[in-house]
Amino acid sequence: ELYQAVVQPWIRQQAASRLQWVENILNGVEEQEKVICREEGFVLLPDSKWDERNLAELYLLFIVTDRSLASLRDLTGEHLPLLRRMVE
């Protein structure tokens with residue numbers, strides 16, 4: 001209830017410019033040389049903070065293409081096929 005009443009409205013009112021980097025990746029405008037995997041429903045790439053040398057510090061970022069998913073809390077049972085593809 002708290003998420004729907006407070007957090008979700010806050011997320012929705014954020015300026016689009018704050019997430020332009022996400023749109024650029026999804027639309028193939030930026031970071032394409034770093035994309036490890038592009039599948040239906042998501043893009044996988046190293047986080048931008050990685051120094052591209054130390055594998056111990058590497059962690060990956062999934063960006064989903066469904067713009068209605070603003071948070072993990074937006075996931076439902078309908079998203080299980082997407083999550084399974086991400087795990088694979």
Side-chain angles (χ1 to χ4, degrees):
E1 292 175 3
L2 182 61
Y3 174 71
Q4 290 179 344
V6 178
V7 178
Q8 199 172 47
W10 180 83
I11 290 171
R12 303 280 185 231
Q13 72 182 349
Q14 297 305 303
S17 61
R18 290 190 69 193
L19 294 176
Q20 189 59 50
W21 67 275
V22 173
E23 290 296 324
N24 289 344
I25 291 170
L26 292 176
N27 294 328
V29 176
E30 304 258 343
E31 306 289 335
Q32 296 312 291
E33 69 282 354
K34 295 181 180 179
V35 170
I36 294 169
C37 180
R38 180 180 294 274
E39 295 283 334
E40 180 182 340
F42 67 88
V43 173
L44 175 66
L45 67 161
D47 183 80
S48 62
K49 297 176 190 105
W50 184 46
D51 66 6
E52 298 186 21
R53 288 186 285 278
N54 188 349
L55 287 178
E57 295 182 14
L58 169 65
Y59 63 98
L60 301 174
L61 178 65
F62 278 102
I63 302 176
V64 296
T65 57
D66 182 347
R67 275 40 170 214
S68 71
L69 295 175
S71 165
L72 288 173
R73 291 188 176 125
D74 292 326
L75 293 170
T76 67
E78 294 176 9
H79 298 103
L80 284 173
L82 170 65
L83 295 171
R84 286 185 183 114
R85 284 194 312 273
M86 292 168 84
V87 169
E88 289 172 4

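What you are looking at is a predicted structure, and each value in this text was computed from that prediction instead of being measured.
The shortest non-hydrogen separation linking Val6 to Pro9 is O-CD, 3.4 Å. Contact detail for Ala70 and Arg12: the closest heavy-atom pair is CB-NH1, 3.4 Å.
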Practice problem: Begin from the C-alpha positions of Phe62 and Leu82 and carry the test side chain to side chain contact (heavy atoms under 4.5 Å, CB included) through to its verdict. | Solution: CA-CA 11 Å; Phe62 278 102; Leu82 170 65; over 6 Å; no
Quiz item: Step by step, would you call Leu58 with Leu55 a side chain to side chain contact (heavy atoms under 4.5 Å, CB included)?
Solution: CA-CA 5 Å; Leu58 169 65; Leu55 287 178; 4.0 Å; yes
Quiz item: Yes or no on side chain to side chain contact (heavy atoms under 4.5 Å, CB included) for Gln8 and Asp74, after CA distance, side-chain angles and deciding distance?
Solution: CA-CA 9 Å; Gln8 199 172 47; Asp74 292 326; 3.1 Å; yes
Quiz prompt | CA sep, side-chain torsions, deciding dist, call: Met86, Val64, side chain to side chain contact (heavy atoms under 4.5 Å, CB included) | solution = CA-CA 10 Å; Met86 292 168 84; Val64 296; 4.3 Å; yes
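Both Val43 and Leu19 belong to a common hydrophobic cluster when Ile, Leu, Val, Met, Phe, Trp and Tyr are linked at side-chain heavy-atom distances under 4.5 angstrom. Linking Ile, Leu, Val, Met, Phe, Trp and Tyr whenever their side-chain heavy atoms come within less than 4.5 Å puts Trp10 and Tyr3 in one cluster. Residues Leu45 and Val22 share a hydrophobic cluster, clusters being chains of Ile/Leu/Val/Met/Phe/Trp/Tyr side chains in contact below 4.5 Å.
For the atom pair Leu44 CG and Glu39 CD, the distance stands at 9.5 Å (nearest 0.5 Å). Remark: Arg85 CZ to Phe42 CZ distance equals 7.0 Å, nearest 0.5 Å. Summarising the geometry, atom NE2 belonging to His79 is positioned 5.5 Å from atom OG belonging to Ser68; distances are rounded to the nearest 0.5 Å. Here the CG atom belonging to Asp66 is positioned 10.5 Å from the CG atom belonging to Leu26, to the nearest 0.5 angstrom. Residue Trp50 holds its CH2 atom at 8.5 Å from CG of Leu60, rounded to the nearest 0.5 Å.
Asn27 contributes no side-chain N or O that, together with a main-chain N or O of Val29, makes up a donor-acceptor pair within less than 3.5 Å. In this structure, Arg38 contributes its side chain and Ile36 its backbone to no donor-acceptor pair below 3.5 Å. Using a distance-only test at 3.5 Å, with no hydrogens or angles considered, no donor-acceptor pair links the side chain of Gln20 to the main chain of Arg18.
Salt-bridge check for Arg67 with Glu23: passed, with a basic side-chain N closer than 4.0 Å to an acidic carboxylate O.
Around the CD atom of Glu1, the shell of radius 6.0 Å holds no more than 12 heavy atoms that belong to other residues, nucleotides or ligands.
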